[in-house]
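These notes are about the structure you will find just below.
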Amino acid sequence: MIKKAIIPAAGLGTRVLPASKSVPKEMLNIVDKPAIHYIVEEAVKAGITDILIITNRGKGVIEDYFDHSFELEAALAKSGKSEILDELIGIPEMANIYYIRQKETRGLGDAVLRAKEFVGNDPFAVLYGDDVIVGETPAIKELIDAYEQYSKCVVGIKEVTKEQVLKYCSLAVEKIDDTTYNVLDMIEKPKESEILSLFAILGRCVLTSDIFGILENTPLGAGGELQLTDAMRTKTLKDGMIGVDFSGTRYDMGNKLGMMKASVEVALSHKEIGQEFKEYLKEIAKKL
Ligand code: UTP
């Protein structure tokens with residue numbers, strides 16, 4: 001059973017500036033909750049009990065969000081707003097949440113390396129703090145199931161456009177079934193001539209603790225950063241890796257269009273505003 005997860009949330013978020021100047025991109029709103037709330041919720045639904053969030057300077061608001069706000073809770077209790085009060089009280093209770101700071105922004109691989117002590121010898125899940133996945137089954141649960149079935153590390157994958165593959169990474173894969181693949185090789189931010197396929201890793205993985213030793217011996221890669229993909233490549237070539245084309249839809253909260261798509265989709269199925277929002281969108285669409 002995988003009980004531990006880490007959420008790297010210490011990036012600079014330069015693609016969503018100026019919004020991310022004082023609000024971490026992981027705290028940007030999707031209707032009425034910050035992005036990272038949906039990610040913690042996904043982990044908890046998949047059976048995760050202990051979550052380490054990797055933060056940096058200025059991300060104290062993340063800690064405040066997952067804590068009680070006694071003044072607010074008292075005011076809501078006094079005014080009898082019990083529904084929202086219950087929801088607020090539930091937030092700090094979702095999981096045991098721990099924090100560690102990445103003192104320099106040296107890449108996703110370096111952020112993951114900060115979790116070495118927390119993870120110990122256990123297998124663990126990684127949920128990127130700016131990738132929100134909406135779906136019936138938690139995406140990370142689909143990866144955990146594959147880890148249990150194949151006893152290999154697992155990455156969440158999807159086919160993306162060529163433009164996106166150049167910005168993310170590219171995988172060489174061999175199909176096992178409709179949603180499961182053997183990953184044979186991978187390359188971070190490939191040049192056009194290096195593209196292996198349009199499959200890229202999107203926001204989720206299940207790793208074993210030997211990844212930390214590999215990360216410690218991985219040279220800096222694309223952008224002068226320690227790349228998690230480079231370490232996962234070493235692991236893939238040594239022990240193999242499974243790719244799961246997860247069933248949910250992934251929204252990249254690290255870019256402006258992704259943020260907007262997430263808000264629209266979540267708003268459409270929101271119990272309080274969904275119907276009214278749909279009518280509004282239909283009206284707008286008529287004028288486009
Ligand atoms: P990104 O590459 O999307 O983050 O990393 P970024 O550096 O914030 O993006 P831009 O290009 O400047 O807009 C994916 C995830 O890894 C975290 C980010 O917070 C994000 O959730 N990350 C990235 C870290 O925790 N530390 C890092 O050094 C880099």
Side-chain angles (χ1 to χ4, degrees), residues 5-30 34-40 42-43 51-63 65-66 97-116 118-119 124-133 139-140 155-158 160 163-170 186-190 200-205 207 211-212 215-216 218-232 250-260 262:
I6 66 171
I7 304 180
L12 295 178
T14 54
R15 287 166 298 149
V16 282
L17 280 169
S20 55
K21 188 182 171 197
S22 58
V23 179
K25 64 177 167 179
E26 296 79 10
M27 286 298 288
L28 292 175
N29 216 38
I30 306 177
I36 198 164
H37 182 120
Y38 295 88
I39 295 171
V40 168
E42 177 191 329
I51 299 174
L52 178 73
I53 304 181
I54 323 263
T55 64
N56 62 1
R57 285 177 300 279
K59 302 225 178 185
V61 286
I62 299 179
E63 296 183 28
Y65 184 80
F66 290 106
I97 302 186
Y98 307 87
Y99 303 89
I100 193 163
R101 284 191 180 205
Q102 182 190 22
K103 296 193 180 70
E104 279 177 67
T105 312
R106 289 197 297 206
L108 182 57
D110 180 74
V112 169
L113 199 44
R114 303 302 112 215
K116 186 177 172 186
F118 168 80
V119 164
F124 63 103
V126 185
L127 298 94
Y128 301 6
D130 58 351
D131 271 326
V132 171
I133 301 176
I140 199 66
V155 284
I157 63 171
K158 283 225 172 274
V160 297
E163 292 67 38
Q164 287 173 316
V165 117
L166 297 171
K167 282 190 237 156
Y168 303 158
C169 66
S170 173
M186 58 181 74
I187 177 166
E188 177 73 14
K189 298 191 175 53
I201 299 172
L202 294 184
R204 301 290 180 268
C205 28
L207 299 171
I211 201 74
F212 296 113
L215 275 167
E216 282 163 344
T218 300
L220 299 183
E225 296 191 333
L226 183 55
Q227 297 290 352
L228 181 60
T229 309
D230 293 343
M232 290 198 291
R250 170 253 186 192
Y251 299 100
D252 180 4
M253 291 297 289
N255 81 61
K256 294 171 189 124
L257 189 61
M259 269 168 58
M260 286 315 301

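Remember, it's 1-based here, ligands and their atoms both numbered in the order they're listed.
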Main chain of [Y], side chain of [X]: is a donor-acceptor contact present, judged purely on distance under 3.5 Å?
X      : Y      : value
Glu188 : Asp230 : no
Arg204 : Asp131 : yes
Gln102 : Ile54  : no

Just so I know, are the side chains of Arg106 and Leu226 near enough to count as touching, which here means a heavy-atom distance under 4.5 Å?
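With C-beta onward as the side chain, the pair stays apart.
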Of all heavy-atom pairs between Ser20 and Gly13, which one has the smallest distance, and what is that distance?
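Where Ser20 meets Gly13 most closely, the heavy atoms are OG-O, 2.8 Å.
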I'd like the contact residues of ligand 1, where contact means a heavy atom below 4.0 Å.
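Those residues closer than 4.0 Å to ligand 1 by some heavy atom are Pro8, Ala9, Ala10, Gly11, Leu12, Gly13, Thr14, Arg15, Lys25, Glu26, Gln102, Thr105, Arg106, Gly107, Leu108, Ala111, Gly129, Asp130.
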Ring-plane angle category for Tyr65 and His37, please: parallel below 30°, perpendicular beyond 60°, tilted otherwise.
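Perpendicular: the ring planes of Tyr65 and His37 meet at over 60°.
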